[in-house]
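Okay, so here's the structure we're looking at.
Below, chains carry the letters A, B, ... as their sequence lines are ordered, and counting in each starts from 1. Bear in mind that the values here come from a model prediction, so they are computed numbers and not experimental data.
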Number of protein chains: 2
Amino acid sequence: MLNFTHDSTARSWIAAAQAPGCDFTLQNLPYGVFAPKGRLERSRGGVAIGDQVVDLAQLAASSLLPEPAQAACSVAAGETLNAFMGMGPAGWQPLRHALFRLLSAEADPATQAKVRVCLVPLVDAVMKMPAQVHNYTDFYTSVHHALNVGRVVRPENPLTPNFQWLPIAYHGRASSLVLSGTPFRRPNGQSRAAGSQTPVFGPSRRLDFELEMGFFVGPGTALGEPLSLTESRDRIFGMCLLNDWSARDHQFWEMDPLGPFLGKNFCTSISPWIVSMEALEPFRVPFGRSDGDPQPLPYLDNATDRATGSVDVQLEVLLQTRQHRARELPGDCISATSFRHQYWTVAQMLTQHTVGGCNVQSGDLMGTGTISGPTPGEAGALVELSLGGTRAVPLPGTGEMRHFLEDGDCVVLRGWCENPGAARVGFGECRGEVLPSINLNAM
Amino acid sequence: MLNFTHDSTARSWIAAAQAPGCDFTLQNLPYGVFAPKGRLERSRGGVAIGDQVVDLAQLAASSLLPEPAQAACSVAAGETLNAFMGMGPAGWQPLRHALFRLLSAEADPATQAKVRVCLVPLVDAVMKMPAQVHNYTDFYTSVHHALNVGRVVRPENPLTPNFQWLPIAYHGRASSLVLSGTPFRRPNGQSRAAGSQTPVFGPSRRLDFELEMGFFVGPGTALGEPLSLTESRDRIFGMCLLNDWSARDHQFWEMDPLGPFLGKNFCTSISPWIVSMEALEPFRVPFGRSDGDPQPLPYLDNATDRATGSVDVQLEVLLQTRQHRARELPGDCISATSFRHQYWTVAQMLTQHTVGGCNVQSGDLMGTGTISGPTPGEAGALVELSLGGTRAVPLPGTGEMRHFLEDGDCVVLRGWCENPGAARVGFGECRGEVLPSINLNAM
């Protein structure tokens with residue numbers, strides 16, 4: 001449902017919010033947790049607008065908000081957003097609407113002056129994990145990704161028979177979730193070369209990224225309490241960008257029969273700003289299935305989800321090597337696609353997660369799985385772009401080539417929504433750099 | 001290394017600790033978290049002895065403990081044991097040794113009188129989760145289980161090639177961990193009958209238990225910090241019993257290619273008392289591998305682990321149906337085995353978990369995977385005992401039969417260590433009951 005916060009003609013008195021290509025428009029208002037530079041012990045909730053962050057702790061201490069936005073702001077001002085996520089739409093919507101009014105160019109000058117006191121420049125905000133993620137689940141919902149990878153590892157049967165019937169998922173590792181900008185070491189592990197009987201131990205030689213989005217669970221559920229598709233839609237707080245770094249050589253050796261483990265759990269990166277589902281409302285699109293695909297079972301199907309279950313988030317992957325940085329180049333775009341192509345929707349994912357009785361908690365993070373579109377240039381991982389490491393991916397900016405990631409490589413994910421009737425809503429970026437592995441000969 | 005707390009001739013002034021078959025002897029002293037009946041808001045750490053619990057909050061407030069045991073007791077007295085687990089052996093050993101002295105029959109009468117004030121009868125202790133488990137991992141380390149299940153689902157290739165090279169594991173769901181005694185509903189989910197093209201949705205018809213043990217991680221690690229096998233041994237706080245309830249029909253339909261998800265995450269039960277690794281020291285045995293098995297890679301191998309990496313914990317599974325309860329029968333023992341048969345040791349599991357850089361946190365729980373011994377009667381799950389549901393398991397006490405669990409069935413796991421040179425050390429029990437599924441036709 002669209003409302004006044006989706007009015008594309010509305011402008012903010014913060015000029016940068018109207019700059020071309022700005023992700024953090026008045027119509028966006030994404031949530032994060034930050035600490036002002038020099039006061040790093042003081043983490044609090046914030047909302048990005050243009051080149052500024054609204055400090056929600058400061059705002060809560062002002063007398064600018066009506067109830068119930070004031071109560072919601074006090075909760076969102078905490079050291080994590082878990083409690084705010086747990087409030088549900090009854091907390092989320094009043095605060096978002098009140099912030100929109102305060103930041104709109106229609107706010108009177110006295111109000112603007114009072115809000116200005118609550119602003120921290122984005123460049124002075126040190127971003128923190130937005131929530132304490134107690135449980136992290138990663139789905140596998142792109143049919144194009146499943147087919148691309150399936151052709152590499154199971155050419156005789158690339159798509160498993162369950163794919164079109166349920167959103168496949170596995171539990172990920174919550175402890176190794178990190179915020180964009182955190183580098184990580186190339187993992188050590190076991191792999192076995194094709195044709196060899198014996199595995200070897202050492203640094204991954206097939207290190208990869210995975211272009212994903214993540215979504216945060218709002219109000220939790222009790223054990224044994226399933227969520228219908230309608231309920232799930234209202235329980236999702238918002239979305240971010242997610243990079244599910246993967247060591248393909250370790251993963252493919254270890255994953256039969258219980259799935260990925262060390263091949264994934266060394267690091268997963270997320271972007272710091274969570275874009276609310278309300279901000280994404282103008283970009284809702286039908287789910288990414290074709291006419292010939294089987295009808296989902298009734299618990300995974302309703303008219304709303306069919307018509308507007310997906311979101312058209314445009315996504316791109318930049319690869320920046322040491323050579324790019326030495327030449328002050330931004331990196332090369334090696335993939336571009338949209339979230340709209342996913343086979344399953346976020347509501348279907350959350351319903352599937354709870355249908356057997358598994359409880360979810362406020363702040364749980366769910367990854368969508370790698371997002372790959374229908375054409376080769378839309379693949380969301382190097383293992384797909386390089387056809388399993390058999391074809392080098394060119395980097396025109398430096399003339400380098402890549403089959404997999406090398407030390408010093410930095411992967412930057414970007415995402416944004418644009419359409420003619422709406423203001424741009426962007427996610428910022430999710431960035432991570434590969435550091436060399438540590439030497440484990442001493443172990 | 002054995003010390004005075006392993007002296008099998010030592011006796012406690014609490015008479016019940018010497019009763020035949022008592023799990024909670026002076027040589028055991030397992031840790032848990034409890035609230036005294038009628039004061040349920042006051043959870044605190046406790047130590048079981050005979051038919052009593054030592055209230056560690058009360059003990060910490062007494063002047064009975066020398067340092068550093070006093071400091072450790074204050075930490076262990078908290079609402080969870082996470083912080084105490086994080087202290088490592090430098091906190092664990094002094095407290096255990098001081099408790100042993102206070103509870104020994106050699107303690108002077110004045111001391112006994114002061115300790116007596118800190119006791120709560122076990123029957124008046126409401127047990128709580130011993131730790132806030134941020135991350136739960138389940139391994140797959142019984143070669144007999146892997147072969148038994150493999151013959152059902154992959155007869156042409158029952159043991160995957162990686163099994164003998166690394167302790168296979170997957171991430172489990174931390175939110176649905178429950179304490180022994182908590183019933184759960186039969187899960188709903190998708191399954192597909194053999195030969196059918198289309199799955200169906202409904203209550204699991206192949207609900208199973210899994211006999212496992214769990215171990216808790218002591219001091220955590222930083223991202224990128226691997227633990228050697230020697231380090232891992234010192235980082236494990238203690239062990240409990242664990243039942244990894246499994247819906248086989250849902251699991252086998254969903255798990256290709258990313259592993260179990262809804263088939264497992266509806267509930268996992270643990271026993272309330274954590275037996276310290278020090279208490280298990282007299283029962284250490286060589287790891288359960290055969291001469292013909294491949295030598296582990298160097299990072300998973302050392303002489304200590306080879307000689308004493310496993311533990312001889314005797315285990316049994318009781319199945320108690322509604323009919324057993326109606327006749328006041330305890331249930332029938334349907335499986336009995338020992339933890340000593342596991343192919344991989346707990347230290348190998350923890351080292352494998354960290355070797356790629358994944359960080360662990362104090363209070364993380366790791367399951368060992370189903371524990372099945374070498375003979376058919378030692379299988380740790382119904383899917384094995386019933387040969388994939390093709391042969392009924394008899395329950396002599398009532399004359400009933402089971403292929404899988406029925407509503408009202410209660411599964412009780414028990415574990416204990418006994419050998420001629422040591423006092424008995426037991427785990428108590430891990431109990432759970434299957435409630436009927438909820439009707440999801442309305443969804």
*asked:* Using a 6.0 Å cut-off, check whether atom CZ of Arg205(B) has over 12 heavy atoms from anything other than its own residue.
replied: no
*Tell me, for Leu297(B) versus chain A, whether the close heavy atoms (under 4.5 Å) come from the side chain, the backbone, both or neither.*
side chain
_Contact between Leu166(A) and His250(B) at the side-chain level, heavy atoms closer than 4.5 Å - yes or no?_
no
_Choice from Arg173(B), Gln197(B), Lys264(B) maximising heavy atom contacts with chain A below 4.5 Å_ = Arg173(B)
*Between Trp165(A), Tyr170(A), Phe184(A), Tyr136(A), which has the largest tally of heavy atom pairs under 4.5 Å with chain B?*
Trp165(A)
_Tell me which of these, Ile438(B), Asp256(B), Val133(B), Asp138(B), has more heavy-atom pairs under 4.5 Å with chain A than the rest._
Asp256(B)
*Heavy-atom distances under 4.5 Å only: say whether Thr137(B) touches chain A with side chain, backbone, both or neither.*
side chain
*Without swapping roles, check the side chain of Ser175(B) against the backbone of Val360(A) for a donor-acceptor pair under 3.5 Å.*
no
*When heavy-atom pairs shorter than 4.5 Å are enumerated against chain A, which of Pro203(B), Gly259(B), Pro294(B) gives the highest number?*
Gly259(B)
*Would you check if Ile168(A) and Glu254(B) make a side-chain contact, meaning some heavy-atom pair closer than 4.5 Å?*
no
_Most contacts with chain B, counted as non-hydrogen pairs under 4.5 angstrom, among Thr230(A), Asn188(A), Asn265(A)_ = Asn265(A)
_Top contributor to chain B contacts, counting heavy-atom pairs under 4.5 Å, from Pro260(A), Ala169(A), Ser437(A), Ala174(A)_ = Ala169(A)
*Does the side chain of Gln132(A) come within less than 4.5 Å of His134(B)'s, by heavy atoms?*
yes
_So for Arg192(B), is it side chain, backbone, both, or neither that comes closer than 4.5 Å to the heavy atoms of chain A?_
side chain
*Who wins among Gly220(B), Gly263(B), Pro199(B), Ala146(B) for the most heavy-atom pairs under 4.5 Å with chain A?*
Pro199(B)
*Side chain, backbone, both or neither: which part of Leu300(A) has a non-hydrogen atom closer than 4.5 Å to chain B?*
side chain
*Quick one: of Gly357(A), Gly150(A), Ser176(A), Ala247(A), who has the most non-hydrogen atom pairs under 4.5 Å with chain B?*
Ser176(A)
*Which portion of Asp364(A) sits near chain B, non-hydrogen atoms under 4.5 angstrom*: side chain
*Relative to chain A, which segment of Thr160(B) carries a heavy atom at a distance below 4.5 Å: side chain, backbone, both, or neither?*
side chain
*Does any non-hydrogen side-chain atom of Tyr299(B) lie less than 4.5 Å from one of Phe201(A)?*
yes
_Best-contacting candidate, Gln361(B), Arg185(B), Arg154(B), Gln190(B), against chain A by heavy atom pairs under 4.5 angstrom_ = Gln190(B)
*Between Met255(A) and Leu258(B), is any pair of side-chain heavy atoms under 4.5 Å apart?*
yes
*Against chain B, label Arg186(A) side chain, backbone, both or neither, depending on which of its atoms sit under 4.5 Å from a heavy atom there.*
neither
*Under the side-chain contact (heavy atoms from CB on, under 4.5 Å) criterion, do Phe266(A) and Leu223(B) qualify, and how do the steps go?*
CA-CA 7 Å; Phe266(A) 55 92; Leu223(B) 201 63; over 6 Å; no
*What part of Pro161(B) gets closer than 4.5 Å to chain A, counting heavy atoms only: side chain, backbone, both or neither?*
both
*Heavy atoms, side chains only, cut-off 4.5 Å: are Val149(B) and Pro257(A) in contact?*
no
*If the plane angle is over 60° it's perpendicular, under 30° parallel, otherwise tilted; pick one for His353(A) and Phe261(B).*
perpendicular
*Compare every heavy atom of Pro187(B) with every heavy atom of Gly356(A), then report the nearest pair and how far apart it is.*
O-CB, 3.3 Å
_Part of Val153(B) lying under 4.5 Å from any heavy atom of chain A_ = neither
*Sort Leu159(B) into side chain, backbone, both or neither according to what part of it lies under 4.5 angstrom from a heavy atom of chain A.*
neither
_Using heavy-atom distances under 4.5 Å, tell me whether Gln352(B) contacts chain A through its side chain, its backbone, both, or neither._
both
*What distance do Ser191(A) atom OG and Asn162(B) atom CG have between them, rounded to the nearest 0.5 Å?*
12.5 Å
